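To start, the structure under review is shown below, and the notes come after it.
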Amino acid sequence: MLDTNQIIRAAFDQGLVVPAFNIPYLPMMEPVVQAVRDNDTFALIETARLEWIKFEARGLKAVMNEYHRLCHTDYVRLHLDHVPVVDEDNQSVDYLRVIQEALDLGYDSVMVDGSRLDLAENIAATWQAVELAHKTGIPCEAELGAVLGHEAGPKPRYEDLFASGRGFTDITEAERFVRETGCDWLSVAVGNIHGAISGIAKDEKKVEARLNLEHLEELLDATNVPLVLHGGSSVSQEHLLTAIKIGIAKVNIGTEIRQVYESVLRDSGKVSAAKRAVYERTVWLIQEYLGINGTRERLLAYADTSGGTR
Ligand SMILES: [Zn+2]
């Protein structure tokens, strides 16, 4: 079986992208996997710690069980999203234990998020997580810079944030971070934001984010690893498609399908109707937003022959 790192590197080499769909409610997984298969594309299914603490993903094991039930490794793999070293409520997390649990369960890739720490602490924490993952032969994603949005409380105005470049991943720091941690993929902040997960904002439509594409190119030159874009469901499509050509090889999609699921379930009271809506939204994201329907064979054939190296 091709490993997930080869597949992401193949996307990186070819200017393609692998979407990673978050599953805050377990019934969302089936329609997402179905949409991926029906469109002959490839995706990651992912769960973040906050999705079993603040939503209804129910934990690493429950997500793995549902994944096994639906599993088609030619189409999807399972990724552990955000395991924060310090979480969105400023609590310390036993992050190495969570990552080890995912590795023991057979997750195909993991992420450590030390982005709330200062640079030296983030490097030290990330290095430990990378070591742990690599011992099992599993790739590890890390984050540098501040992809805001998960925190409670008032949000800064998006335009102010973008214009100031506050929280953007620093170029020099990124070069050092990747070199010293050995992380396989780097989640960057270049104007992208997470969807809110608490309060009234949780149900509001996200603002359309823009990306500083010149900054992204500089990050790629400095790191030369596949870059990851979190908060991918509300980025200007034009910017996103250019960012994929530059080096975004994985794009996380959460809010867009979560809100569809929640609102249809609330209005209809029927899980089946909510699943149908998630299916349709995922098809739209694959076909219209990302334009990656029918790319699976090209991606996997390349991954198989090259091992993906750029
Ligand atoms: Zn994220």
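Values in this document were obtained by computation on a predicted structure and should not be read as measured data. Quick note: residue numbers are just sequence positions, from 1. Any value given below was found using the heavy atoms of this structure, including those in side chains, with hydrogens, waters and symmetry copies removed. Atoms within each ligand, like the ligands themselves, are counted from 1 in listed order.
- Taking distances strictly below 2.8 Å, the protein N/O/S atoms close to the Zn ion (ligand 1) are His82 NE2, His194 NE2, His230 ND1.
- Remark: of the listed residues Leu216, Val188, Leu229, Leu229 is the sole one forming a side-chain contact (heavy atoms from CB on, under 4.5 Å) with Leu211.
- With 3.5 Å as the limit, one finds no donor-acceptor pair spanning the side chains of His194 and Asn252.
- Between the side chains of His230 and Glu141, at least one donor N or O lies within less than 3.5 Å of an accepting N or O.
- Ile8 shares a hydrophobic cluster with Leu2, Ile7, Leu16, Val18, Phe42, Leu44, Trp185, Val228, Leu299, Leu300; the chain of contacts runs through ILVMFWY side chains whose heavy atoms sit under 4.5 Å apart.
- Residue pairs meeting the side chain to side chain donor-acceptor pair (under 3.5 Å) criterion with at least one member in residues 281-294, sequence neighbours excluded: Asn39-Gln287, Glu256-Arg281.
- By the ring pair (Phe, Tyr, Trp, His ring centres under 6.0 Å) test, Tyr75 pairs with no residue at all, sequence neighbours left out.
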